[in-house]
Every structure is written in C-alpha cells, then in structure tokens.
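Just dropping this structure here.
The figures here come from the full heavy-atom set of this structure, side chains too, leaving out hydrogens, waters and symmetry mates.
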Amino acid sequence: MEKHNKHNKYKSLFLTYFDGCYGFEPEPNLPSTYQLGVCKIEYTEETNVLTVHLRRPGLLIGRAGSLIDKVKKHLECEIDVIEVTL
C-alpha cells in the first residue's frame, strides 16, 4: 500500500509543479503537462527514479538542463525522460 502512495505522491508533485492546483500557482512561463505532451509517469521506489514519457522532452529539460534540475530538486528524486513518438 505504501509503495502505491509514494508513486501517487511523486506523480501529483510533478503534475502540481507544472499545472498548479488550488492555492498554488506554477512558475511563470512554465509549460503545462499538455504542452509537454506527458503520456505516462512511473515511479520506481528502489532507485528513487521518476520516469516521464512525453512527446516534447526538450521543454522539460529546458535550456542547458536548467528546468529539469529545478524539478529534480523540488521532487528530491532523479528523473528519466523518454520521448514518445507517434
């Protein structure tokens, strides 16, 4: 049960970081998960890695990796990015 809760925690923190929620506004000029093209988010507890499957990985990585570094610091986990092509 706790494993499922951790997965949901990291997933919701990721979504809140980009989309905001009631009482919390995302950073200005931050792409939404829709703009990123997020298809799937998985968390692996053993390695503390959040794997994000998305269509536009460059938006998540940001200029010189600055955005993904901010997200990693906010979530306190590593992030793997997998590009999805149609």
Side-chain angles (χ1 to χ4, degrees):
M1 180 82 169
E2 186 173 320
K3 184 176 182 179
H4 187 67
N5 289 339
K6 273 197 168 189
H7 174 77
N8 287 338
K9 172 189 167 192
Y10 283 101
K11 182 179 177 180
S12 66
L13 282 173
F14 181 86
L15 296 174
T16 302
Y17 189 84
F18 287 98
D19 294 336
C21 67
Y22 182 74
F24 175 79
E25 288 293 321
E27 293 181 31
N29 302 321
L30 196 64
S32 68
T33 53
Y34 178 77
Q35 292 168 325
L36 292 170
V38 174
C39 300
K40 186 178 182 181
I41 302 172
E42 300 173 312
Y43 175 71
T44 307
E45 186 175 4
E46 295 82 26
T47 56
N48 194 30
V49 174
L50 185 72
T51 305
V52 183
H53 302 257
L54 62 154
R55 294 197 57 214
R56 301 182 70 194
L59 289 177
L60 176 60
I61 295 168
R63 191 169 294 208
S66 62
L67 180 57
I68 198 164
D69 289 340
K70 287 180 187 178
V71 177
K72 286 179 183 179
K73 186 176 180 180
H74 177 74
L75 297 178
E76 298 176 348
C77 71
E78 287 298 313
I79 298 176
D80 280 345
V81 178
I82 298 177
E83 183 177 10
V84 175
T85 56
L86 299 176

Query raised in the report: Sub-3.5 Å donor-acceptor pair from the side chain of S66 to the main-chain atoms of G62, do we have one?
Result: no

**Report entry** Y10 ring center within less than 6.0 Å of F14 ring center
**Finding:** no

Query raised in the report: Would you say K40 has more than 12 foreign heavy atoms packed within less than 6.0 Å of its NZ?
Result: no

Report task. Nearest 0.5 Å please: distance from the NE2 atom of H74 over to the CG atom of L13. Result -> 5.0 Å

**Report entry** Contact list for residues 48-61, test salt bridge (charged side-chain N to carboxylate O under 4.0 Å, His left out), sequence neighbours left out
**Finding:** none

Query raised in the report: L15 versus I41: any side-chain heavy-atom pair under 4.5 Å?
Result: yes

Query raised in the report: Do Q35 and F18 come close enough that some side-chain heavy atom pair is under 4.5 Å?
Result: no

Report summary line: When N8, N48, L75, T51 are each screened for side chain to side chain contact (heavy atoms under 4.5 Å, CB included) with Y43, the one that passes is N48

Query raised in the report: Is the backbone of T33 close enough, under 3.5 Å, to the side chain of D19 for a donor and an acceptor to pair up by distance?
Result: yes

Query raised in the report: Is any side-chain heavy atom of V38 less than 4.5 Å from a side-chain heavy atom of L60?
Result: no

Requested in this report: Work out which heavy atom in I79 is nearest to a heavy atom in V71; give both atom names and the distance.
Outcome: CD1-CG1, 3.4 Å

